[in-house]
Amino acid sequence: MATSQTSQDTQTRPKLYVLDYGAGNVRSLANSIERLGYEFEWIKSVEDFDKAEKLIFPGVGSFHQAARGLKERGVFEPLLQYIRSGKPYFGICIGMQVLFAGSTEAPGEAGLNVIPYPITKFDTEGGTKSVPHMGWNGAWGAYADVAADKDALVVPEEDYYFVHSYAALLGQPGEESVREAAHTLSRYGKQTFVSSVRMGNVFGTQFHPEKSGPAGLETLRRWLAAPISAVSALPHPLAPRPASEWVSADPRPERAAGTGLTARIVACLDVRSNDAGDLVVTKGDQYDVREKDEGAGVRNLGKPVELAQRYYMNGADEVCFLNITSFRSSALQDQPMLDVVRASAGTVFVPLTVGGGIKDTVDPDGTPRSALEVAGAYFRAGADKVSIGSEAVLNVEDMLAREARGEEPLTGKTGIETIAKGYGSQAVVVSIDPKRVYYDTTETNWLQAVPEAHRPCLVTGETATTRTKPDEQGKAWWYQCTISGGRAVRDIDVVQLARGVERLGAGEILLNSVDRDGSGKGFDLDLIKLVRDAVSIPVVASSGAGSPKDFEEVFEKTGVEAALAAGIFHRGEVGIDEVKDELKRDGIPVRQTALAP
Ligand code: 1PR
C-alpha cells in the first residue's frame, strides 16, 4: 500500500475497493493505484459493497469468465445493487463490458444490463486487420462537449492500450442506448466502437488505463481524485444529448487512415546470469551472447529492471523480458525472473511480456509445476503476457502428428491451450526462432531436395524483398524452426508453426530470426511477410533492426502490428523516440504522449 498520504488525506478520501473475481492479472492495477498515492481494499465479502465509496472492477479474461465468476462468487447481484445505489463505479475492459446486456462471446450469459446493448466481435475485414484488437489506439470525445472538456475523465488526443476481440460496436440494433452512455469512441479498421462509457455514477474504459502509460495513469488519477459528487450523480447528468453534438470520427486528420492502431515499438531484454551469477541483460548476434575474445564472459549490457524503466520513460510501447537460459533450468521455486517482473511492474505502466521456461516443469524439491501454474506466477507478479518458445514447437509437432493419424488434433492440455483458457488468448505469445535452410538454385534439380511440406514457405533470391537481395542471388531458402535458443533444429517450418499455434489458441506471435539477430542488417522482410500472411493474430517483427529506417520498412512492407529491437536500444545507438519520429515523418501513426511519464 502507498504510504505517501497524510492521515488526514486518507480520512477524507472516499473508501476505495477493488473487485477481483480471480481471473487474472490485477497486480498492474494495484500497482498503478499505489503509484498514484491511493490506498484500496479488495472486496472480500458481500458486506464490503456497503463499505465501498468508490469501486473499481478490472475485468480480464473473457465475458463468460467474468459474468460466471461474479455469479459463482455470489457478487453479481450485490454489484448490481452497488451500481444502482448511485455510488461511483469504474469498470475496466471486461469490467466495462459486463455493464452491457450480454456478449456474443458468451451466448446466454447475461450481463448487468445497465446499458441494454450487446457486445459483439470485431470483424477481420477480409484479413486486413488482426483480431484481437491489440495495441495502442486513440479515443476521441463522443460528444463535442467531451472533446472540448480538458478535464474529461479520458484525456483526449492521447493513445491507450487495448486488448480485446469483442466490443460495443456501433451499428447494432438499439444503438441509441449505447450512444447515450458513450464517453469516447475509437475506430478499429472500418468499425467504430465505444471505448469508454460515462453515465451518472458509471464509468468504464475498454482500454487498460493501468497499461496505458502516462495517459492511462492520468485517466485513473482523474477518476480517483474526482469528488464523489462529480462521479456519482444520478440521474444521468449528461443525457439527453443533442444528436448534433455526436462526433462520429477521430478529429485528428493523421488518424484517418489505417486501422487506427499505432505502430507498436517493443524493447526486448534478453536476460541471463553472467559468470558472476548476476542477472544481466545481454545481447549477441545469431543467439551467441558471449564476448568474442577468448575466455571473455557473457556480454553485460545492464540491469534488467533499470533498463525496463528507462525504456518505459523513453516511450517504449511494450517491454519484453526473455529468460534465455530457461532451457537449462526453469524451476519456479526461487525463480529470479519473478523478482525482475515484480520490480518492473511497479514502475513500468505499459504491457510486460515474459518468456523463457513457460512449460510443464519440476521444481528442485520434486514438485511438478504445470505451464499454467508457471504462467500464473508471472501474471501475479505483474506480467501481462507470457511468451512460449520451445514448448510451442513440440506441441505443434504433436498436434500435426495426431492429425496425420486421424486423431483429435487438440488435447486441451498444452501450455498454449491451458493458459489461453485461463487468462485469454491475448495473454499467450509464441516466440518463434527460425533459421534459413539454403539451396543453391544454380544446381539442376535443386527443388527436388526441398521437402514437399516446406515448399509453401520457400523464398528465392530473385523474388526476395530483403535489402540483402544482391547477396541472395542464386539461392533459395525456407525457414526451419529451432528450439532451446536456436541450439536444435526441428523438422517443422515457420508457416506450419505459426498456423499451428494460432489453432492452439495463441494470441500473438513474436517472430525472431536466428540469421538476423544482432546483425543490424534490417528485419527479414520475407520471413515476416510469410508469417503475417499465414495468420490473423498480431505479429511482432524481431531481429536485425539497425536504424530507424528499418522500422519504417518493416511496417510499410509487411503490415505487422509491432516491431521489436534489442541491441540498438541497449547500446544507445538509436533511441525509441528517434524511431517514432522517423515513423511519424513517414506518415505511420505512433504513440507520442504530451504528458510527462
Ligand atoms: O524456449 O520457451 O524457454 O523460451 C526461450 C526464449 O529465449 C525464446 O523466446 C528465445 O527466442 C529466447 N532466446 C533463447 N536463447 C537466446 C539467445 O539469444 N541466445 N534470445 C534467446 C533470443 C532474440 C530476440 C532478440 C531479437 C532482437 N533473442 O529476443 O531480442 O533478435 O535483437 P536485435 O534487435 O539486437 O537484432 P523457451
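These numbers come from the heavy atoms of this one structure, side chains and all, not from hydrogens, waters or symmetry mates. Counting convention: from 1, in listed order, for ligands and their atoms alike. Throughout, residue positions are numbered sequentially from 1 according to the sequence presented.
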**Report entry** Ser62 versus Glu105, side-chain donor and acceptor atoms under 3.5 Å
**Finding:** no
Report task. With side-chain hydrogen bond (donor to acceptor under 3.5 Å, both in side chains) as the test, would you mind laying out the steps for Asp159 and Thr262 before giving the verdict? Result -> CA-CA 8 Å; Asp159 293 299; Thr262 63; 5.4 Å; no
Query raised in the report: Any idea which part of Asp517 is under 4.0 Å from ligand 1, heavy-atom wise: side chain, backbone, both or neither?
Result: both
Requested in this report: Search all heavy atoms of Val554 against all heavy atoms of Ala541 and return the closest pair with its distance.
Outcome: CG2-CB, 3.8 Å
Query raised in the report: Considering only heavy atoms, which of Val289, Leu322, Val266 lies nearest to atom 29 (O) of ligand 1?
Result: Leu322
Query - Atom indices of ligand 1 within 4.0 angstrom of Asp433 heavy atoms, with elements - result: 8 (C), 10 (C), 11 (O)
**Report entry** Short N or O distance, Ala566 and ligand 1, threshold 3.5 Å exclusive
**Finding:** yes
Query raised in the report: Does Gly544 reach ligand 1, in the sense of a heavy atom lying below 4.0 Å from it?
Result: yes
Report summary line: So the atoms of ligand 1 within less than 4.0 Å of a heavy atom of Gly357 turn out to be 2 (O), 3 (O), 37 (P)
Query raised in the report: Nearest heavy atom to atom 16 (C) of ligand 1: which of Leu269, Ile324, Val430, Asp288 does it belong to?
Result: Ile324
Requested in this report: Report, in ascending order of atom number, the atoms of ligand 1 lying under 4.0 Å from any heavy atom of Gly567.
Outcome: 33 (P), 34 (O), 35 (O)
Report task. Provide the number and element of each atom of ligand 1 under 4.0 Å from a heavy atom of Ala565. Result -> 34 (O)
Query raised in the report: If you measure every N/O of Ser387 against every N/O of ligand 1, is any gap under 3.5 Å?
Result: no
Query raised in the report: Below 3.5 angstrom, do we get any N/O pair linking Tyr287 and ligand 1?
Result: yes
Query - Pair Asp384 + Arg27: basic N to acidic O under 4.0 Å - result: no
Query raised in the report: Is any NZ, NE, NH1 or NH2 atom of the basic residue among Arg264 and Glu561 found under 4.0 Å from an Asp or Glu carboxylate oxygen of the other?
Result: no
Query raised in the report: Salt bridge between Asp524 and Arg436, side-chain N to carboxylate O under 4.0 Å?
Result: yes
Query raised in the report: Out of Ser390, Gly415, Ser519, Gly546, whose heavy atom sits nearest atom 1 (O) of ligand 1?
Result: Ser390
Query raised in the report: Cut-off 3.5 Å, side chains only: do Arg532 and Ser130 have a donor facing an acceptor?
Result: yes
Query raised in the report: Counting heavy atoms only, which part of Ser431 comes closer than 4.0 Å to ligand 1: side chain, backbone, both or neither?
Result: side chain
Query raised in the report: Looking at Arg487 and Asp433, does any basic side-chain N land under 4.0 Å from a carboxylate oxygen?
Result: no
Query raised in the report: ligand 1 versus Cys268, non-hydrogen atoms closer than 4.0 Å: side chain, backbone, both, neither?
Result: side chain
Requested in this report: Provide the number and element of each atom of ligand 1 under 4.0 Å from a heavy atom of Gly485.
Outcome: 14 (C), 15 (N)
**Report entry** Carboxylate-amine/guanidinium contact Arg503 Glu403, below 4.0 Å
**Finding:** yes
Report summary line: Atoms of ligand 1 under 4.0 Å from any heavy atom of Gly518, numbered from 1 in the order shown, are 33 (P), 35 (O), 36 (O)
Query raised in the report: Should the proximity of Glu391 to ligand 1, defined as any heavy atom under 4.0 Å, be assigned to the side chain, the backbone, both, or neither?
Result: neither
**Report entry** Heavy-atom nearest option to atom 2 (O) of ligand 1, drawn from Gly355, Gly389, Gly356
**Finding:** Gly389
Report task. Indicate whether the side chain of Asp491 and that of Gln480 have a donor and an acceptor atom separated by less than 3.5 Å. Result -> no
Query raised in the report: Is the closest basic N to carboxylate O distance between Asp360 and Arg369 below 4.0 Å?
Result: no
